[in-house]
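Below is one structure, written out as structure tokens; the observations come after it.
Chain identifiers are assigned alphabetically (A, B, ...) following the order of the sequence lines, protein sequences preceding nucleic acid strands; residue numbering begins at 1 within each chain.
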Amino acid sequence: MSGMLDDGTRLAAENGDDVEILGFLGAGGQGEVYRVRTPDGERALKWYYPTCATADQEAIVRELVTRDFADDRFLWPEAFVPEHRGSFGYLMGLRPDRYKGLPALFRRQLRTSPRALLTACLYTVEAYQALHSRGIAYRDISWGNIFFDPDTGDVLVCDNDNAVVEGDASGISGTMEFMAPELVRADPGARPGTQSDLHSLAVLLFMLLMNHHPLKGRRELGIHCLDEAAERKLYGRSPLFVFDPADDANRPDPLEHATVLATWDAAAERLRELFRRSFTTGLRDPAARVRESEWRDALRAVLDAVVECAACGRQNMTEPGENPPPRDCWGCGARLVLPPRLTVTTPPPRTEHHIRLRRAARVQAHHLLPEPARHDCSDAALVAELVEHPRKPGRFGLANRSRETWTGTRSDGTVQKIEPGQTVPLRSGLDLDLGGGVRAVVRAR
Amino acid sequence: MTLGVRRWETLADSVQGVGKRRNQDWYACQGTGSGPDPLVLAVADGHGSAVHARSALGARFAVDRFVVLAGAFGRAAHDCHEPGRLARLMTYARDDFPRALVHEWRQEALGHWDRNRPVVEEASREPGTEEKLVLYGTTLIGAVLTPWLFVAWQIGDGDLAVVEHDGTLVRPLAPAEEDLGDETESLCGREAWRAMRMHWAPLFEEARSPRLVVLSTDGLSKSFASADGYREFVSGLAGRLAQEGGAGVREALPDWLAQASRYSGDDTTLAAAVRPAPVPAGTPAAPGGPEGPVEPGAAEARTPPGPDGGEVDTERTTET
């Protein structure tokens, strides 16, 4: 549709920028987004529907613009664009093409991988954690706000115009599917905030990894068009996890919900346990919800334990740590053969990271820290990677991609220095001093 | 907010493909486009081959279920100016409506199968649910128009064309890449709701609502040598409707569809809604000329519409 603003329309942002509409990008639940030209280059303009252009919304946007939240994981409101023909909007950065929305993921229109999805989950958790640590409640976590790069898992949180300072009671616009049950029920005293965001975050993570809503089992099949009372029951009054261990009344339907049955089976138990807690006790007791730090640690651990199936090459989650239970490939059913494990021990407070040494396995800078503030799985933070010997196929080594010289001690006691760029042959028992008090040991299992 | 009540004029027809035993398309136009009586348009194209032996029924079930669900959705949207309501409606339209539609279509198809089991030997194996559904395989394009909303959904091939208030022609549900060959997504597919595309367009000013909405099965667009031919057909249709109103076009429509069907060899169905608008003085002649839309199969051979009809060709897809 042509939207509310014609191409060529000129508006004035409150920061003094001249804004010219170049084209319509899309329509959402609160407004439309346009590509615009400004003196600083092309930007995106969110323009509210007249029914959503309320005084409350204007106050929130103005507050967010004032906050000037500089974080590359967010497209943040940068400048308020005042009223024109009954509405207003704000300028933000344009979303680069590599970021894709979750509807495309759910429609199988994206090529991605378990590793990229786990990375996207990890980054999503950290992004919301960054907001909460600044005292901002997001309030509107949903699958319409998160965009991710299907190759790398990088995330971009968009539509940040419902984030408010913690405790602010201005009107909620959260989607019921993502709202904490106490908000759906409108319990006395219940307010959107960090605790309710934790529920929304768990739903979002479940949807990213399982491609399905955690409360939509057999019970949803009887709900008719926009039956609000039935939805309030599903999400608020008597929510029931589709994999609740104590009550199977809302189990997935084998025909209608085949995907979640498959994705749940393919998930690591470490994550399933957190989801069970989120959607059983966490539904009833906000204080029992899985905290961001718990999600972060579990997601990193499972990410480090992803291996390729030797038979078909598909990526599979396995249990982190030593001696995980045997597991079959979700794709071809072959028994997974686990590669050796690298245990990285950080300086105090000592933390162990267990990295399965699959083909092209990587040690990142965050593995060297006991409590990393932010994970970075890109080449920029690469410390070591598993490489195949160029002339001896099947022989692998750990290449030093850091700036530190490592000291390696073999199980027979021989010691060698591994300079940046050099590779040390992979052997069980190899003990590496990575510098800065970080130790890494290669173990067969 | 006060919004005018738009009245739409509709036209629709379907012709059987040459050499086909029966027409496996189905369509419906229902309602006026007012708040209590939303306008619902739908066309469906049963897949037709032997493995989809009951696809004519599948197409009919799809259209019937869509009309009921979309009508209910349109009526539920009467309060869309309430705070937060549009976001809620969009979420429903994007996430829940496709699931509800696929669920209901499956129930209807499986119910029909149960009541009309093929005569087989007693010892033969009961087909699985998916096998039964394949018999009824069909595409679907549907739209609902209220004074405040225009929402459309599509699964599989076929076309939704919209002539905007300013004459721009868009195909908001056109896939980024055309399907290759004759394989198409289908309501009988596994978790078919995932394949459904959605177009969402709230309306706030009557003057900016679309002039014409056209839904057609792929028998129409396949009859043209190129996508340009199809666009010229639609813009020609818009022009002729603007000039002559619906009556003359309605009379000519079966011939146009029959001609398209001769070129495509397929059943051909069109359902359209036009918003009557006063024609300002000095309005140029309708694109496509006085004879009507560009003839199917002849797009390359004819002179393209001149500047007077040159409001077309802006392709844009909406996020789905």
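- For A/F148, there are no ring pair (Phe, Tyr, Trp, His ring centres under 6.0 Å) partners, not counting sequence neighbours.
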Next on the checklist: Show, in sequence, the C-alpha distance, side-chain angles and deciding distance for B/E191 and A/F106, and conclude whether the side chain to side chain contact (heavy atoms under 4.5 Å, CB included) test is met.
Outcome noted: CA-CA 10 Å; B/E191 300 192 281; A/F106 300 154; over 6 Å; no
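- Here CH2 of B/W193 is found 5.0 Å from CD of A/E256. Values are rounded to the nearest 0.5 Å.
- Within a 6.0 Å sphere centred on CD of A/E58, other residues, nucleotides and ligands contribute more than 12 heavy atoms.
- The CZ atom of B/R99 sits 4.0 Å away from atom CD of A/E220, with the distance rounded to the nearest 0.5 Å.
- Counted within 6.0 Å of CZ on A/R111, heavy atoms from surrounding residues, nucleotides or ligands total 12 or fewer; the atom is thus considered open.
- If you take CD on A/E32 and CZ on B/F204, they are separated by 7.5 Å, rounding to the nearest 0.5 Å.
- Side-chain contact annotation: A/T259 with B/R194, donor-acceptor N/O pair under 3.5 Å present.
- To the nearest 0.5 Å, atoms CG (A/L255) and CG (B/L133) are separated by 7.0 Å.
- The distance from the CD atom of A/E177 to the CG atom of B/D96 is 5.5 Å, given to the nearest 0.5 Å.
- The two residues B/M90 and A/A27 have their closest heavy-atom pair at SD-O, 4.2 Å.
- Interface remark: of the candidates B/R85, B/E130, B/R190, B/R106, B/R106 forms the most heavy-atom pairs closer than 4.5 Å to chain A.
- Within 6.0 Å of the CG atom in A/D97, the count of heavy atoms belonging to other residues, nucleotides or ligands does not exceed 12.
- For A/F88, the ring pair (Phe, Tyr, Trp, His ring centres under 6.0 Å) partners are A/Y48, A/F80, not counting sequence neighbours.
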